[in-house]
Structure formats: structure tokens, C-alpha cells
Amino acid sequence: MACRSTTENCKTKSIANDAGGVRRLLLSPLNEDATDEQILRGILGGEPDRELLDFAAGAGGNRRLLAEFALGLVEEDLVKAHNGAIRLAERRIPHRVPAFVKRRLDDLSTSCQHFLKVAAVLGRSFMLEDVSRMLDRSSASLLSPLDEAIASGFVVANELQLVFQSDFVLRGIIESIPAPARDALQREAMRPGRRTETYDQQLWVAGRPTWTTGHPTEPSRGADEGADGVHSRALGLLMDGKATAGIREAERILSGSGYPESDRLDAEASMILGYSLLGMEEAEKHAARVLRERRAGQGDIASLMALTALSQARWKAGELAEGLSLGRTAVRHSDHVPPVWRLHFQLALAGKLANLREFEKAESLIDDAEAGLHTLPTRLWNAAPAALRSRLFLQAGRFGDARRQAELVTAAAGPDAVPLFRPLAYCVLSTVSLHMGDLPGAAEHLKRAQGELATDPAVLHSAQYAWTEVRIAVMREGPRAAVELFGDKYSNLPTQRSLYIEDPAAAAFLVRLALDMGDTDLKRSVLDTVDGLAADNPGISVVGLGAVHANALVNGDPAGLARIIAQSPDPISVALATEELAKIYGTRAPVRRRNMTSLPSGPIPVSSQEVATAQPKTACWSVLSDMERRIAYLVSVGMTNREIAKQVHLSAHTVNYHLRKIYRKLGIKTRVELARGAASYSSRAAIYSLEGEAEPGIEGVVG
């Protein structure tokens, strides 16, 4: 029940069904100066609690939008009465809100609608130049649709600063874009802007700095510089994994007198970076102050570090479009920044793109960061790009490459070494060992990562360290060990959004664990978290697919699992979905003897011995293209060419063409051989199997 009584609930529902009810409610004299809380109380029939009020703030003070929000909550049973207060039963924006926004959007000119939809994929706040770049039009030509957007209340401007009127308005605009077009726009928005040698005046959003013409900031060459002469002592301490000491050194510079402005900028940037590495809120506070107060030149490392720190914070909170927008801006304006600082902006953005499985773009940024280091007069920190590559290769399923890059990081010595990144490298090695079925090796690498972290707790704060320990516990002691960790040491991990951003397969793993253990609380907390993350980021396909995957497991939905196999860019998610779909097909169709060249309609039985011997030694799964690999996975669960064609949006003839290419590449002749090869990947996705340890040798299958 949404209200305190059945009578009140019926009264509220009648308002929702009355076309003029909202108008009369808002235009009545009693509501002219009504607060958000009073409007909610009038519609819901009770006192909204603090969480509901915070959620309603997404209307941005628009009273009509707030009323639509409240009425939608009632219509969809998203609120309930509890101890005299109205609380959220489910934190989800009701359909009535985007429908209202779409109706208002339809009243605008076509050019204004076009402008707003492109701007929306850039995030809550945006720059006119970014919209201009995506539309390939001059900023001047966009003034007319911009004026209309402002006049209609969709966009608010402060001088040249642009921001959408509210979160609900932004969500409604995004949902008005067809999903395929939305994904394409999001991918285009993530492309770094074209570099320029001029100092064009650049303006960020409300509360951010105005970029003005100036000269690039060069690091000072004073007594406080690093031993190599190209970085400050504070930055050197940070890269050495001594975040606390680096912050203290930066504070010493900032509190002293007689230091040149370049030293103070470096110290300010170092302090923000240090707090960000430690995962502390002070990073956001200092960053917001810098961006609020400073008018800086394009080479201002403090402002760029502030943008990067805010980008990291927004990203961890699940505000992915905003995180990307901030990160792209920092990289775009870093051309004239010293390489020792530019690499931080580039690697931070590369990590986000890798999380979205935009591997080529991420690797290009890492290459740029490495090339910048090579321009220095002395060798320095070459392990840093290797650390990010190791993580990228791990996410791409390139376990051999991931291990080699991580070993470069852990073995680096002298000026090449970057102790800051050693915990990450050991964590990558631990995960690779799990994939290879080497449990002792995985545990040893994790122990080393934790030992490195102990010198300055939570440096490079990441959910991956806890997540790796959980997976090792499952492999060593079984699913109950993970449940015990969630009940004690890592109680917040299942609801930590950053986990599902970094590893989209984590939700499916945890839901399967919850189903096997009968743990409804764990299942609900995971689903609520990933559903909320997907709802807040409708333009990010990998996040949405993670939610689809988790829900498909709960509902036993073969169509959802097939969608993961056909669309997900995450190889482990594909392997998990393949195995689960094969189980569903196995329960629905009796196993029968088939001709080796027939088109199977159900799962192909594969014994552990057959899996170990089916794949030719010379075959390597990585020789297949993404489309070929998806077709192979769908073959492994028994789909016909026609069924596969529907999933991957190709003709049956084209699917058959791809199959012939797959056969030639792998040196096989039948669908059964192909299915066994695919099954050897999915059944040996080592750390994601809850039925026991995986056999070694997965790398030979997946490359």
C-alpha cells in the first residue's frame, strides 16, 4: 500500500487517473508556494521519508515533473507506508516521468530535439563544443536550438555553462532515443576530441573552471624535485606507493611561502591525487574547490587532476556518463602538460574505457601515455603502462598477455618501477592463476598484493582485491565461504556498484551463488544494485547486459542468456551464459544420439575427457573474430543456423558462411567438434564455476 489507508490510496489513484487532477493540484492557491515535501505529501497521503525526498530531488524543483513522479510511484506500487511514513518499495523512476518528458520534447522543433538528444549522452553537464563536435557543426549554428532548449526549461545556462535542468529530464531524453542509436551515440561521445595546438577558450560546467588563454605550466627545477629532475618529491612519493607521505609533502609546500606558482600547482595536484588513490572523500572536496575557484591555463595540472579525481568519484558512484565526460575533458586539455602528469589523466580514462570493454580505445590511450614517458630525458615509470595493459588484457580474456604485462610490473626495478601499481599487478596475476586452475598460485599472488597494500592501506582503492579473495575462498572452501565473507569482512561488496562496473560477470556469479545457497537476501541485494546501475546508465550497454544476465539466471530465461552470448563484449559473461543456457536446454530436451554432421536442436553431451581432448592442439580460440566466437558459443548450446541468425541479426546463409570460416581456422569438420571446443571454454571458466576447481590449460582454448 502506498498510503496510510485504503481510502487514501484509492483517492491518490483517482488523481493519477484524472487528466486534470495534477493541474488542479498544482495550480490551487494552496500549492503556489508548496515545497517538494508538501507536494509529495499531498499526492502520497503521508510523510515522505528522507530517502524518498532525496530521490525526488531528481525533479530539480520542477513541480509538474515532481507530481508526475509521485503519481507514477503510486501507479506502479513503488512506495509503501511504514511506521507512519511513506517509503520507497523500489528505487526506480516510474514510467510516467520519461513519458512526460517525451511529451514535452515532442513540442520542440526537430533541431532542438536533435540537439538535446546528442547533448544528453554527454551527461548531466556538457559543453557546447562537445555537441558541436558530435554533430559536426559550428557552435554558432547551434545557438538557435540552444536558445529554444533554455527557453523551454530543458537546459540551464550560467554564462556559457550548460547543464540539464534535472536528473529526471536527462533520463527522459535519454530514454526517448532508440537503444541502438543511443549505444552508437554513447560510443561516439567516448572518443577523445581532436587535439589542437591553439589555446581556444574552453568552458566546463557550473562549478568547473573557465579555460583561458595561457602558457603551459612547466614543473619547477627546485630543491623539492625528484632525483631524476622531472617530477616533484610529492609525486615521486605517490608513485612509490606512499600516498600518505606524498600528501604530507604536498601540504608542506602549500603551507609554506616563497615557492613558485608551478610548485604550488604541482603540490595541489599531488594532494588531490593522493586522496583519490586512498579512496577518501577529501579528493572530491579539494577537487571541487579548485574547479570552483580557479581560472587556469590549459596546462594547469591542478585543475586537470581535479577533473580526473571527480571523474573517478563519479565513476565509482555509478554515474558513468558524467565520469567519462570529466575524464575526457582532462585528457583533451592535457596536451601541454608534462608527461609525468599527463599519464595519470590518460591511464584513468583508459581504465574506464577498458571497464566498458572499449579495448582498442583504451589501449590507444595507454600507448600515448607510454610514448610520453619515452620523451623524458631519463627512463622513468615504464611499469605504469604495463600495469594498465595487464588489467585490460585480463578483461579481454587474453590471459597470457595479462600475465606477461603484470610480471613486467612486479619485476621492474630502479627508475622503471612503480610500486603504486604493484598491488594491481599481483591482483591480475592472482586472477589469471585462478583462470588457469592454479589455486596455490592465486592465493600467493593475492597475499603479495595484500602485503603491498599494507604499507599504505587502500592505495589504488578497488573492489578487485576483495573480489579476488572471495573467488579464491569459493574455489578453496566452496560457496558457503563467500557467504560468510559477505556476512562479515566484505558485507558491503555485493552492493558496491564499482564491482559490477569493473567486472560485469560478477553479478551473474553472485546470483548463481545465491541461488545455489538459497540466499534470497544476497540475490535481492545484487539484483537491486545492478538493476539500479543499469537504470541510471541507460546508454552504457555492458552495464545493461550485466543486469540482463543476472535477471536471466533468476528467471531461467533462455532468451536473456542468448542475448548475453550474442551481444556481451565480456568473455567471461559469455562463458557463464553459455554454460547456463546449455543447462536449461539440457533440462528441456532429451539427450539423443546425433549424426556428427547434423544440425543439433539441443545441447551436445560432452564428458570431461572429451572436453580435454576435443580441441586440436594447434587450435587457438583467439583466432576467431567476435562474431565467429559468438556463433560458436550459440552452436555449443544446440541452436540451429536459423535460430542463431535471429540472435546475431544475420541471415542463416551468412551464419553458415561464418561457420565454414570457423571450421577452417580451427581445423575441424563438424558442429559437434565446434560445440566441444566452445564448451571447453565455458565449462572451464575457472573462478566462475561453483562446482569445483577448473582444469589447467584454459589459455590454450581462449588465447
Exercise. Between Glu282 and Arg289, is the closest basic N to carboxylate O distance under 4.0 Å?
Worked result: no

Exercise. Of the non-hydrogen atoms in Pro494 and Ser491, which two are nearest, and what is the gap between them?
Worked result: CD-O, 3.6 Å

Problem set entry | Separation between OG1 of Thr529 and CG of Leu499, rounded to the nearest 0.5 Å | 9.5 Å

Exercise. Would Glu452 and Arg448 pass as an ion pair if we require N to O under 4.0 Å?
Worked result: no

Problem set entry | Expected output: side-chain Arg314 to main-chain Glu319 donor-acceptor under 3.5 Å | no

Problem set entry | Tyr500 ring center near Trp467 ring center (under 6.0 Å) | no

Exercise. Can you tell me how far CG of Leu254 sits from CD1 of Ile247, rounded to the nearest 0.5 angstrom?
Worked result: 12.0 Å

Seminar exercise, completed: Between Ala384 and Val418, the two heavy atoms sitting closest are N-CG2, 3.8 Å

Exercise. What distance separates Asn355 CG from Ile540 CD1, expressed to the nearest 0.5 Å?
Worked result: 11.0 Å

For this session: For the pair Asp266 and Arg233, find out whether any cationic side-chain nitrogen is under 4.0 Å from an anionic carboxylate oxygen.
Result: no

Exercise. How many angstroms lie between CG in Leu394 and CG in Asp503, if you round to the nearest 0.5 Å?
Worked result: 8.5 Å

Seminar exercise, completed: The reported gap from OG1 in Thr431 to CE in Met436 (rounded to nearest 0.5 angstrom) is 13.5 Å

Exercise. Is the backbone N or O of Val337 less than 3.5 Å from a side-chain atom of Ser334, with the two atoms forming a donor-acceptor pair by type?
Worked result: no

For this session: Can you sort out the partners of Asp240 under salt bridge (Lys or Arg N to Asp or Glu O under 4.0 Å), two or more places apart, ordered by chain and number?
Result: Lys242

Exercise. Going by distance alone, is a donor N or O of one side chain under 3.5 Å from an acceptor N or O of the other, for Glu469 and Gln450?
Worked result: yes

For this session: Please name all residues satisfying salt bridge (Lys or Arg N to Asp or Glu O under 4.0 Å) with Glu363, sequence neighbours left out, ordered by chain then number.
Result: none

Exercise. Is a side-chain donor or acceptor of Ser430 paired with a backbone partner of Ala442 at a separation under 3.5 angstrom?
Worked result: yes

Exercise. Is the His231-Trp381 ring centre distance short of 6.0 angstrom?
Worked result: yes

For this session: Sequence neighbours left out, what passes side-chain hydrogen bond (donor to acceptor under 3.5 Å, both in side chains) with Thr468? Give chain and number order.
Result: Arg471

Exercise. To the nearest 0.5 Å, what is the distance between CZ (Phe399) and CZ (Phe393)?
Worked result: 13.0 Å

For this session: Would you kindly say whether Glu370 and Asn382 are connected by a side-chain donor-acceptor distance under 3.5 Å?
Result: no

For this session: Begin from the C-alpha positions of Arg497 and Asp536 and carry the test salt bridge (Lys or Arg N to Asp or Glu O under 4.0 Å) through to its verdict.
Result: CA-CA 11 Å; Arg497 283 185 162 197; Asp536 289 344; 2.7 Å; yes

Seminar exercise, completed: side-chain contact (heavy atoms from CB on, under 4.5 Å) test vs His344 passes for just one of Leu304, Leu238, Leu235, namely Leu235

